[in-house]
Amino acid sequence: MVDYNSIEKKWLDEWEKAKLNEKDVEEKEGILVTAAFPYVDMPQHIGHLRTYGTADFYSRYKRMRGFNVLYPMGFHKTGTPILAISKKVASNDPKIKDDLKNYGISDEDIKKMSDPYFMADYFARVTEIGMRRAGYSIDWTRKFDSINPIFSKMVEWQFNVLNNKHELVTGEHPVGWCPNEGNAVGQHDTKGDVQPELSELTAIKFKDSDSDAYFICATYRPETLYGVSNLFVNENEDYSLVELDGIKGYISSKSVPLLSDEYSIKVISNMKGSELLSKKAINPINGKVVPILNGFFVKPDFATGVVMSVPAHAPFDYMALKKLSDSGKTDIKENEYIKCIDSENNDQIPSLRYLKNIDQSLNLNSEQIEMATKEIYRTELRKGVMAVGDYIGKGVNEARELIKQDLINKNDAFKIYIISNKEPVYCRCGARVIVNLVEGQWFINYGDKDWKKTVNSYLPEISIYPKKDINAFQAASDWIDLRATERAQGLGTKFPLNPEHIVESLSDSTIYPMLYTFYNILDNYKIKPEQLTIDFFDYVVYGKLNIEDVSKSTGIEYKVLKRCRDSFTYWYRFTSRHSGSDLIFNHLTMYIYNHVMVFPEEFWPKQIVTNGLVNYEGVKMSKSLGNIVPLIDGIDKYGADTLRFIEIVSADLDKTAEFSVDSVNSIHQKMDYIFNLVDRIGSMKSEELSKIDFWLYSKLNRKIRDATEKVEKFDLRNAYISIFYDSLNELRYYFERGGNNEIVISDFLTKMILMISPVMPFSAEELWHRLGNNSFISKEEWPICDESLIDDSIELLESVINSSIEDTAKAIELTSKMDENKGKNVKSVEFIIADQWKYDAYRDLRNSGNMSKVINDDKFKEIDKAKISKYLMPLMKTVKSLNDIPYNSKDEFETFDTSIEFISKKLGFDVSVKHEKDSDSDRAFRSYPGKPSIIVRWN
RNA sequence: GCAGGGAUAGCAAAGCCCGGCCAAAUGCGGUGGGUUUAGGGCCCAUUCUCGUAGGAGUUCGUGAGUUCAAAUCUCACUCCCUGCACCA
């Protein structure tokens, strides 16, 4: 087997020596290929190769097509995950230490990882090693990370632009919050890494009929307000009369601390739920006075602990009310329940229907009632129509929003946010996570109408691959709205408008590809971060300032400024951005928005390529399954080229690539074949070209033409089925047909290897040299198709031979069962080739589609009309899809005649061929162009 | 809920954009055969049903429709997957 690792090492060294990947401004057209830089909180695994490998493939391919392609790379270190892991290390968390140990990190290094900067550097270093070994043609002289002071300067400039254009706004914002530590909590900050889910409810104010206090009912379904028969509290729980944002209200005592960061709440007095049961409340929508009753199901720590009861539509309410009614604790009758929504059936009490669907006798537990609740919620939202009230006739979906808005406008309700996870969420410190409305939070206003309009009208200009993701981009662009852009903790750039905070880590990584274009220059000339003023960036990006002034104000030499500007404008004109498709709804959309806002139109994104994930042996790679293969291990084991092939070209871009040992083996075998063939090539002969040589040339050139078209459209899978798999089959067939011409094979292999080189650069380089070349293959040109060598006839005739062989085998199998053939063996097989008039008539019929016209044509006057008609009849059935037959009777005859040896070897019988006119067999007439009549003789 | 994607033979998966060359690529699995044949690998054949000659029938989530013609277009329905906010 090929020793991939030693080939890799050999060529990595050679490429490094030749500085093959370092690119600079040149005469020829430039392309900047960037992939979303990796977040370095763990080593990369083989799945990461998909994105970076695809970007590398594209870079290499475009270079072979004559472009100057720069593929740079950096590291993302902004944000909280690195900090969180490092904190865990510092607190001696055994689980995290195990994880790190499994990555093969020494105890000593793990200890040092309590320093987040050490950890980030460590993983950045490991990541770079892996990327080099994967063969990415990255220009490492431009490497930076996102906490680098120069990077921060770029971010400051970007936010200065956004601020000047009034796209930074402040407001209040609901966040998951730890009341103990006083800061926002995300997934990384909770026990068990649970993402706190926030959801919005409407809190409706029912006035107490004999005081100025309100019962504050939180609900997901404000549209059912028309059907309220009573309110529920839980008589066994404690309740409080509170002052909440200026009004008096009753809420459960347990809800007070959960809401107290969201609202200002002062407790006036406390009471048992049972004490509230004597009260009555007024429904704000219709003034109806309703009683307060005991709801067994009311949870005091969910929202306000007071709920409105809509027995006709809420299964829990129905069950609770029925219970009360059965025990005589209420005199509300079922026929008083108000139905306010019509949906699929005509039940007067829809909730009852859903309960009975689960159990006719209504002997239900809470879980079952919950199920019924979900079911009715779903159905009524989708199909329900308001049956009462101001919005009668409108769909529930629409009416809900309208009613909510009306109530809020009339000050009868307000929004309330809760943590809606099934189980309470706890901060690592132990406190229960609650909702807080953060005041003065800065947002980037992606909801700005003009901004959105500009982006939406530019979106069709961007080449997006895979094509079907265009919809997703469109949807993402429409959907993106205010986006929080700063936060209190984490690594990163200080937020210019509030230096206590840092720029949020997706917001700081939207325009950074621009920095690659001149980072190496800043580095070379040892430019200090403080020299990178607003003026500097304004000059480089807009070119509108006077360069002398900028040079003076920044202290950067004229020629350095000029080079930065030139480099930026050269590389940023055509950019190709690569990432996983999971980033469409955040990073990539923000990338587009920020480019459109910050840069002149000529530098807006030109191309975006996204890709799907990678499965390992049929399942997703994940930490919990323990099936993550680190990139470097994968390369050691399978070879970089093998990983590259499987991940870059063996699946459609948008699909999950399947990595399995089987697929590895299959590629290894095929590569072995190619290596052997290349090594054997010297022992072959160069002879005069025969038919099968032309066949192979035709296949090759067709392949070059079609595959190139496919590569251009990022249809890599099909391109490489043709370039790799089909080529091998064609070679095998060529040899089987007796081909053995050194020049032809060498031509074929050379072009095939050139086309494989962007995917498998190491093997291709090795094979290229074994073929006797001394240049680097990556500096060679992509093969060009020679149209004159594409010969439809020769390929078609070859396939006629093969289909005839198949048909014959099948015919023999079936006829061997015939009584007359029982006990006999096949003696010989004869192929009868259709006479020339059949070819002519075939073409005429194909062109005209008119049978009688063909029959009556003068040129067929020699032939019996009944005969022509009998011949054409079957063709009529599929007349609209007849293939073009570009050759004639004698071509088909010759092909068979010269292939007799091959055919009889395949079939194992003597084979002969005859023209139809020379045959006296009654089956001879069955011959058609491309379909000789087959006569099997038995003895 | 909102948004995006999906449902194809034993399994996995292509085809669908651009209707006919589609009983439907390919891989795995199954069956039979070959290979100086332990195993594995490799090669060949076969793998919806029927068939006394290269053919016929019935299939591509369900139901309807458009069409001379539908896996492919339209509509409805059912079910599945992914993302959803400060988090990379």
Side-chain angles (χ1 to χ4, degrees), chain A residues 36-41 76-82 84 173-176 184-189 195-200 220 377-378 381-382 397 400 438 441-444 446 467-469 471-476 478-488 490 503-507 509 580-587 612-613 615 618 650-652 654-656 658 660 662-663 665-666 669 672-673 717-718 721 725 732 736 803-822 878-884 906 923 926 928 931-936:
Chain A
F37 56 9
Y39 189 79
V40 283
D41 62 343
H76 198 195
K77 299 181 176 176
T78 320
T80 47
I82 289 176
H173 182 55
V175 291
V185 287
Q187 190 170 352
H188 299 289
D189 312 310
Q195 175 72 41
E197 288 163 27
L198 285 101
S199 61
E200 181 194 311
Y220 283 113
Y377 181 97
R378 217 168 87 95
L381 180 66
R382 208 150 40 129
N397 204 348
R400 177 176 298 171
V438 176
Q441 166 78 44
W442 283 96
F443 299 90
I444 298 179
Y446 295 114
K467 280 261 177 284
K468 65 163 62 149
D469 276 347
N471 288 339
F473 274 96
Q474 190 57 254
D478 289 339
W479 159 87
I480 196 170
D481 199 358
L482 288 177
R483 185 101 192 180
T485 192
E486 40 100 12
R487 57 171 299 163
V503 177
E504 181 272 325
S505 58
L506 283 177
S507 303
S509 301
S581 49
D582 50 330
L583 298 188
I584 293 174
F585 276 83
N586 47 53
H587 166 72
L613 302 169
N615 275 356
S650 70
D652 285 322
D654 57 322
K655 298 286 165 62
T656 301
E658 295 290 341
S660 67
D662 279 341
S663 50
N665 289 337
S666 131
Q669 275 149 23
D672 283 352
Y673 182 85
R717 181 173 171 274
N718 285 313
I721 284 176
Y725 293 108
R732 278 208 184 94
E736 199 179 0
S803 58
S804 299
I805 291 172
E806 275 170 37
D807 285 351
T808 308
K810 205 169 177 185
I812 290 171
E813 191 196 318
L814 287 167
T815 50
S816 67
K817 294 182 206 154
M818 290 164 78
D819 289 341
E820 52 186 288
N821 297 331
K822 283 264 163 68
T878 52
V879 71
K880 281 182 182 154
S881 54
L882 290 179
N883 290 321
D884 181 28
K906 276 285 215 186
R923 289 189 59 84
R926 297 179 62 114
Y928 279 80
K931 203 163 181 184
S933 174
I934 301 163
I935 298 170
V936 182

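Below, read A as the first sequence line, B as the second, and so on, with proteins coming before strands; counting in each chain starts at 1. Please read all numbers here as calculations on a predicted model, not as lab measurements.
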Across all chains, not counting sequence neighbours, the side-chain hydrogen bond (donor to acceptor under 3.5 Å, both in side chains) partners of A:K931 are none

Please list, pair by pair, any protein nitrogen or oxygen found under 3.5 Å from a nitrogen or oxygen in nucleotides 11-14 of chain B.
residue, atom, partner, partner atom, Å
B:rA14, OP1, A:K655, NZ, 2.8

Nearest non-hydrogen partners of A:E486 and A:Q441, listed with the distance = O-NE2, 3.1 Å

Close side-chain approach of A:D481 to A:F443, heavy-atom, < 4.5 Å | no

Using the test salt bridge (Lys or Arg N to Asp or Glu O under 4.0 Å), find all partners of A:K655 that sit at least two apart in sequence or belong to another chain.
-> none

How long is the line joining CG of A:N586 and C1' of B:rG83, in whole Å?
-> 9 Å

Tell me what A:I480 touches on the nucleic acid: a base, only sugar-phosphate, or nothing, going by heavy atoms under 4.0 Å.
-> nothing

Of the nucleotides B:rG55, B:rA88, B:rC84, which has the atom closest to the A:Y39 side chain?
-> B:rA88

Choose from B:rA88, B:rC84, B:rG5 the nucleotide whose nearest atom is closest to any side-chain atom of A:K468.
-> B:rG5

Which part of the nucleic acid, if any, lies within contact of A:H76, taking any heavy atom under 4.0 Å across all strands shown: a base, the sugar-phosphate backbone alone, or nothing?
-> sugar-phosphate

Which whole-number value in Å describes the distance from A:I812 CD1 to B:rG54 P?
-> 14 Å

Which residue lies toward the 5' end of RNA chain B, A:D469 or A:P932, if each is placed at its nearest nucleotide?
-> A:D469

Gap in Å between the two P atoms, one belonging to B:rU46 and one to B:rG39, rounded = 25 Å

In whole angstroms, how far is the P atom of B:rG5 from the CZ atom of A:F473?
-> 13 Å

Sugar-phosphate only, base, or nothing, as touched by A:P196 at under 4.0 Å among non-hydrogen atoms | nothing

For A:R717, salt bridge (Lys or Arg N to Asp or Glu O under 4.0 Å) partners two or more places apart | none

Could you run down the sub-3.5 Å N/O contacts of the protein with nucleotides 39-41 of chain B?
residue, atom, partner, partner atom, Å
B:rG41, O3', A:Q669, NE2, 3.4

For A:Y446, check ring-ring contact (aromatic ring centres under 6.0 Å, His included) against everything at least two apart and list the hits.
-> A:W451, A:Y593

With the criterion being N/O to N/O and under 3.5 Å, what pairs connect the protein with nucleotides 44-53 of chain B, and how long is each?
residue, atom, partner, partner atom, Å
B:rA53, N1, A:R923, NE, 3.3
B:rA53, N1, A:I934, O, 2.6
B:rA53, N3, A:R923, NH2, 3.4

Quick one: is B:rC21 close enough that its OP1 or OP2 comes under 4.0 Å of any side-chain N or O from A:K931?
-> no

Counter-base of B:rU31, judged by Watson-Crick or G-U geometry with both distances under 3.5 Å | B:rA45

To the nearest angstrom, how far is A:L613 atom CG from B:rG5 atom P?
-> 17 Å

With sequence neighbours left out, the residues meeting side-chain hydrogen bond (donor to acceptor under 3.5 Å, both in side chains) with A:D41 are none

Where do A:A36 and A:L583 come nearest, in terms of heavy atoms and distance?
-> CB-CD1, 4.1 Å

Only counting residues at least two apart or in another chain, list the ones meeting salt bridge (Lys or Arg N to Asp or Glu O under 4.0 Å) with A:E200.
-> A:K404

Reckon A:N665 touches a base, only the sugar-phosphate, or nothing at all at heavy-atom distances under 4.0 Å?
-> nothing

Watson-Crick or G-U wobble partner of B:rC75, both distances under 3.5 Å | B:rG63

Contact class for A:S666 (heavy atom, under 4.0 Å): base, sugar-phosphate, or nothing?
-> nothing

Which whole-number value in Å describes the distance from A:Y673 OH to B:rC42 C1'?
-> 12 Å

Are A:N471 and B:rG5 close enough that a side-chain N or O sits under 4.0 Å from OP1 or OP2?
-> yes

By salt bridge (Lys or Arg N to Asp or Glu O under 4.0 Å), A:E736 pairs with (sequence neighbours left out) A:K906

Taking only residues two or more places apart in sequence or in another chain, which ones pass side-chain hydrogen bond (donor to acceptor under 3.5 Å, both in side chains) with A:N718?
-> A:D715

Residues which pass side-chain hydrogen bond (donor to acceptor under 3.5 Å, both in side chains) with A:D478, listed by chain and number, not counting sequence neighbours = A:N456

Reckon A:I721 touches a base, only the sugar-phosphate, or nothing at all at heavy-atom distances under 4.0 Å?
-> nothing

In whole angstroms, the gap separating C1' of B:rG1 from CD of A:E197 amounts to 13 Å

Between B:rU35 and B:rG61 - P atom distance, rounded Å = 44 Å

Quick one: sort the A:Y39 and A:H76 rings into parallel, tilted or perpendicular, breaks at 30° and 60°.
-> perpendicular

Interatomic distance where CD belongs to A:E504 and P belongs to B:rA88 [whole Å] = 6 Å

Residue whose nearest RNA chain B nucleotide is more 5′ - A:G79 or A:F585 | A:F585

